[in-house]
Colleague: 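Sharing a structure below in structure tokens format, with a few things to ask.
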Amino acid sequence: MVVLAKPAALEQISLLRTPEPWETFSGVPAVDLSGPDAAGDVVRACEQFGFFSVVNHGVPAGVVDRLEAEAVRFFASSQAVKDASAPAGADPFGYGSKRIGRNGDMGWLEYLLLAIDRDALSEKASRAATSTALRDAINEYVVAMRGLARTVLEMVADGLGVSPRGALADMVTGDASDQVFRLNHYPPCPLLQGLPPSCSVTGFGEHTDPQLVSILHSNGIAGLQVALHDGRWVSVPPNRDAFFVNVGDSLQVLTNGRLKSVRHRVVAGSGLKSRVSMIYFGGPPLAQRIAPLPQLLAGLPLYREFTWGEYKKAAYRSRLGDNRLAPFEEPPVAAGHHHRS
Ligand SMILES: C=C1C[C@]23C[C@@]1(O)CC[C@H]2[C@@]12CCC[C@@](C)(C(=O)O1)[C@H]2[C@@H]3C(=O)O
Ligand SMILES: O=C(O)CCC(=O)C(=O)O
């Protein structure tokens with residue numbers, strides 16, 4: 001007998017996680033972008049945690065609310081409508097359900113993954129976003145996220161003493177920058193009904209983001225967890241009024257490991273409400289060389305130079321949880337041995 005597809009219940013069972021107690025983290029750094037030492041606060045948060053929340057960000061609530069409402073409308077449309085937005089060719093952009101990437105990663109979610117060209121949806125992505133209202137809401141939101149990414153990266157440069165202060169920001173807001181945007185919908189999982197609250201399913205498996213920074217917003221339903229630098233996983237309290245900024249692998253390399261990308265994941269529960277999140281990934285042009293910035297090199301470089309295109313290609317062939325920077329790490333220099341130039 002040929003089994004063509006795993007029955008839905010089996011897919012859910014394989015996403016079940018070992019029951020664990022939640023520790024809600026009260027120490028998420030909140031950076032007030034209008035504060036007197038915002039640049040110092042951003043750098044300290046990126047060094048200590050690799051993520052932070054942003055308040056007083058200047059993004060109008062209406063921009064977020066409009067997109068959230070359109071995202072909810074899109075995910076509530078019929079399966080046939082959503083499936084018509086599934087990726088057609090080699091690129092992964094479009095609607096997806098449960099399968100994340102093409103290398104076997106699964107999660108209890110559906111999503112719309114879209115490529116952004118300058119400050120709007122790319123031509124192909126425009127076809128995947130099914131209504132004018134959704135497209136307009138995404139375009140409006142992306143402009144706000146590009147501005148926020150620029151502000152954050154200028155602050156990183158200021159805080160680290162990198163000049164010009166636009167050196168990092170230009171990588172993600174230049175005309176050829178490689179930006180990605182994703183809407184995620186995590187419905188409550190029926191399999192969990194009647195199980196203790198410590199039971200959950202994998203919503204989005206643990207990973208670091210490959211780009212320089214990503215900016216996340218969610219609808220106030222819990223689920224995001226991050227790994228602290230001591231290895232402990234903690235839940236991030238949801239906050240509708242804030243954005244969460246993650247340091248990505250490329251920023252880790254550019255700062256020679258001084259800022260560290262953050263491992264994060266989403267767990268989905270049995271609650272009554274769905275989690276809806278939107279995340280903007282700020283990546284550089286494909287030809288951009290990524291290597292520790294000479295201004296930040298106190299000792300030896302920890303990474304060899306690569307282009308974003310090379311890294312992205314490798315990332316898209318990897319599993320979600322892989323350490324995708326490993327192939328680019330310089331081997332540690334043994335004591336007493338010196339580099340010859
Ligand atoms: C399994 C995968 C999904 C992903 C591409 C990858 O092969 C490994 C990295 C994943 C990730 C994580 C951050 C956001 C994202 C869009 C990206 O650039 O890398 C996703 C990719 C995806 O969802 O296709
Ligand atoms: O939904 C979330 O909160 C995080 C999603 C995420 O990490 C991703 O889309 O890469």
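All residue numbers in this chain count up from 1 along the given sequence.
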Colleague: Should the heavy atoms of other residues, nucleotides or ligands under 6.0 Å from CZ of Arg304 be counted, would the total exceed 12?
Modeller: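 For Arg304, atom CZ is crowded (more than 12 foreign heavy atoms under 6.0 Å).
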Colleague: Salt bridge check: are Arg150 and Glu154 linked by an N-O gap of less than 4.0 Å?
Modeller: yes
Colleague: Quick check for you: to the nearest 0.5 Å, what is the distance between Arg263 atom CZ and Trp233 atom CH2?
Modeller: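 Rounded to the nearest 0.5 Å, the CZ-CH2 separation comes to 6.5 Å.
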Colleague: Is a side-chain donor or acceptor of Arg324 paired with a backbone partner of His207 at a separation under 3.5 angstrom?
Modeller: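 A pair under 3.5 Å: no.
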Colleague: For residues 35-52, pull every pair meeting side chain to side chain donor-acceptor pair (under 3.5 Å), keeping only residues two or more places apart or in separate chains.
Modeller: Asp37-Arg44, Asp41-Arg44, Glu47-Arg258
Colleague: Using side chain to side chain contact (heavy atoms under 4.5 Å, CB included), reason through Val180 and Leu113 one step at a time and then give a plain yes or no.
Modeller: CA-CA 7 Å; Val180 175; Leu113 179 64; 3.3 Å; yes
Colleague: May I ask you to test the Tyr311-Val253 pair for a side-chain heavy-atom distance under 4.5 Å?
Modeller: no
Colleague: May I ask you to decide if Leu134's main-chain N or O and Ser131's side chain share a donor-acceptor pair within less than 3.5 Å?
Modeller: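 Such a contact is found between Ser131 side chain and Leu134 backbone.
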Colleague: Applying salt bridge (charged side-chain N to carboxylate O under 4.0 Å, His left out) between Glu68 and each of Arg73, Arg240, Arg275, report the one that passes.
Modeller: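 So, applying the salt bridge (charged side-chain N to carboxylate O under 4.0 Å, His left out) to Glu68 and each of Arg73, Arg240, Arg275, only Arg240 qualifies.
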Colleague: Is Ile290 close to Tyr303 at the side-chain level, that is, under 4.5 Å between some pair of heavy atoms?
Modeller: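 The answer is no; the side chains never approach within 4.5 Å.
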Colleague: Ring centres of Phe204 and Tyr111 under 6.0 Å apart?
Modeller: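 Here the rings of Tyr111 and Phe204 have centres that are no less than 6.0 Å from each other.
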Colleague: Under a 4.5 Å cut-off applied to non-hydrogen side-chain atoms, are Phe74 and His185 in contact?
Modeller: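 No - every pair of side-chain heavy atoms lies 4.5 Å or more apart.
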Colleague: Looking just at side-chain N and O atoms, do Tyr95 and Gln79 make a donor-acceptor pair shorter than 3.5 Å?
Modeller: yes
Colleague: Under 3.5 Å, is there a donor on one side chain and an acceptor on the other for Thr173 and Arg146?
Modeller: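 Looking only at side-chain atoms, Arg146 and Thr173 do not form any donor-acceptor pair under 3.5 Å.
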Colleague: Could you tell me the separation between the CZ atom of Phe181 and the CD1 atom of Ile215, rounded to the nearest 0.5 Å?
Modeller: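 Rounded to the nearest 0.5 Å, the CZ-CD1 separation comes out at 10.5 Å.
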Colleague: Got a second to check how far Gln211's CD is from Phe281's CZ, nearest 0.5 Å?
Modeller: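 Output value for this atom pair is 6.0 Å.
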